[in-house]
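Sequence lines set the chain letters: A, B, ... in the order given, protein chains first and strands last, and positions in each chain run from 1. The model shown is predicted, which means the values in this text are computed figures rather than measured ones.
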Protein chains: 2
Amino acid sequence: MAVPEQRPALPDQVSELTTARLSVYLRALDQLAAAGTRTISSAALADRFGFNAALIRKDLACFGEFGVRGVGYDVDELRHHLRHILGLDRGLRLVIIGAGNLGLALADYPGFAADGFSVAGLFDVAPAKVGTRSRGGIEIRHVDGLPSLIDREAVDVAVVTVPSAAAQGTVDRAVAAGIRAILIFSPGTVRVPPGVKVRSVDVTLSLESLSFFLANERHARNPD
Amino acid sequence: MAVPEQRPALPDQVSELTTARLSVYLRALDQLAAAGTRTISSAALADRFGFNAALIRKDLACFGEFGVRGVGYDVDELRHHLRHILGLDRGLRLVIIGAGNLGLALADYPGFAADGFSVAGLFDVAPAKVGTRSRGGIEIRHVDGLPSLIDREAVDVAVVTVPSAAAQGTVDRAVAAGIRAILIFSPGTVRVPPGVKVRSVDVTLSLESLSFFLANERHARNPD
DNA sequence: CTGTGTGAACCCCTTCACAGCG
DNA sequence: CGCTGTGAAGGGGTTCACACAG
């Protein structure tokens, strides 16, 4: 028997592009809510933020019927729906592995709180770092303690900020400890078993993309 | 008359997906070169790194005929071609605007050098920070000096690491100073005039995508 | 009459399959 | 004979257009 869970209908097959846009819509709605807007139509949302109205409706329709015909969407209601769909009402726990400059910066990043994320631990291998703290006061522990903390604190996401050469090994260890979602900043690709999701934040790739743009711009100005 | 430039044939309309993959191919080739591989076929490259062979060939074919039929591609030659196509042989100059934890981390990031990027300046608005230095010794200057430095040092890319609320204003100032390529870490969207390219590195978006995955996984294990 | 939800058209990107060069 | 370069087929995602609900 199909249990009518809190989470409705299993969205059979939803594109990752759609889910990524949900986050963007949520931000737009946050802005609208802050400005006091109560209700908005897909057309107005599209106009205001540069989306396509039909796409917004189609994306949302994957998860239910949130709109009122002839009126539009209730801003606050839709925000809460989206937060639930995205799982932001769960208070996800992160660990950060790699206490270099970037890892330390992330450990103290105040932006996590708005999404309900919290840092459960900060790890490194360097004996000189272990025992010291980030500016914000988060203690650096040795990676050997990672599995027990992941288990004890029910950690959801591993944020990996180690050098590229150590990336695969670090990911392997996190996966072995039960992690199924990884955000990795090290340039390059890592392999994970099925069922584990990796999101890569690749600064080098982004910069190279800009570099290509600059090297090949023959756009608009001076159309020779 | 069409000048036969160093840069060949203007690649009429190349998809951004293609150019993004060039970076990935380049990395794979770097690995192969480091391992001493001289020559590789598109099929072997695809096998080894999980691409599609036809796609590799098609992507490369946008920019010339780099392969030798019956043999494959010369690893080192193709690396140099790709570096040129991506503009990595130009020694791009960056400024970092926002000397928070992240900005400071990026200022000292050693990974830029491999791509020929260099940091021409590090900026902030806080009087308390101006005049101090990053751990790596890069001086923090006041943003008011940004336009003159961009001009004087022929800066190519602005890396923006300011709080979200200040993002749009910062971008506007950089664009006014002549910047046409921006890498922004602040969550949210910014508007730029046509001809200016923005790449966003959005940690929050990536984490929310992982959050969605965790909230909606009914994959493989326990297929009820 | 306004705006949602949605089938159909459209468009672009990927994959397949093969002609042809080395 | 092997592998590139490429036209044609296939698949997905976005946009269009409209039936219908409020």
[atom1] of [X] versus [atom2] of [N]: gap in Å, rounded?
X       : N      : atom1 : atom2 : answer
B:Leu55 : D:dT4  : CG    : C1'   : 15 Å
A:Glu65 : C:dT6  : CD    : C1'   : 10 Å
B:Asp74 : C:dG22 : CG    : C1'   : 15 Å
A:Phe66 : C:dT6  : CZ    : C1'   : 16 Å
B:Leu17 : D:dT14 : CG    : P     : 12 Å
B:Leu78 : D:dT4  : CG    : P     : 11 Å
B:Asp59 : D:dT4  : CG    : P     : 14 Å
A:Leu45 : C:dG3  : CG    : P     : 13 Å

Has B:Tyr73 got a side-chain N or O lying under 4.0 Å from the OP1 or OP2 atom of D:dG2? no
B:Ser42 side chain N/O closer than 4.0 Å to the phosphate oxygens (OP1, OP2) of D:dC3? no
Run the salt-bridge test on B:Arg38 and B:Glu77 with the 4.0 Å N-O cut-off and return the result as yes or no. no
Nucleotide N/O to protein N/O under 3.5 Å, stretch nucleotides 16-22 of chain D:
| residue | atom | partner | partner atom | Å |
| --- | --- | --- | --- | --- |
| D:dA17 | N6 | A:Arg57 | NH2 | 3.3 |

First locate atom CD1 of A:Ile40, then atom CG of A:Leu78, and finally report the distance between them rounded to the nearest 0.5 Å. 10.0 Å
Residues forming a salt bridge (Lys or Arg N to Asp or Glu O under 4.0 Å) with B:Asp76, sequence neighbours excluded: B:Arg79
Students often get this wrong, so: under 4.0 angstrom with heavy atoms, is A:Thr18 touching a base, only sugar-phosphate, or nothing? nothing
Could you pull out all residues at least two apart from B:Asp115 that satisfy side chain to side chain contact (heavy atoms under 4.5 Å, CB included)? A:Thr204, A:Glu208, B:Leu88, B:Phe117
Yes or no on side chain to side chain contact (heavy atoms under 4.5 Å, CB included) for A:Arg90 and A:Arg83, after CA distance, side-chain angles and deciding distance? CA-CA 9 Å; A:Arg90 296 177 153 209; A:Arg83 272 210 276 266; over 6 Å; no
Do A:Thr39 and A:Asp74 have side-chain atoms, one donor and one acceptor, less than 3.5 Å apart? no
Centroid separation under 6.0 Å, is that true for the rings of A:Tyr25 and A:Phe49? no
Of D:dG13, C:dT14, D:dT6, the nucleotide closest to the side chain of B:Ala61 is D:dT6
Contacts of B:Ser41 and A:Phe51 projected onto DNA chain D by closest heavy atom; the upstream (5') one is B:Ser41
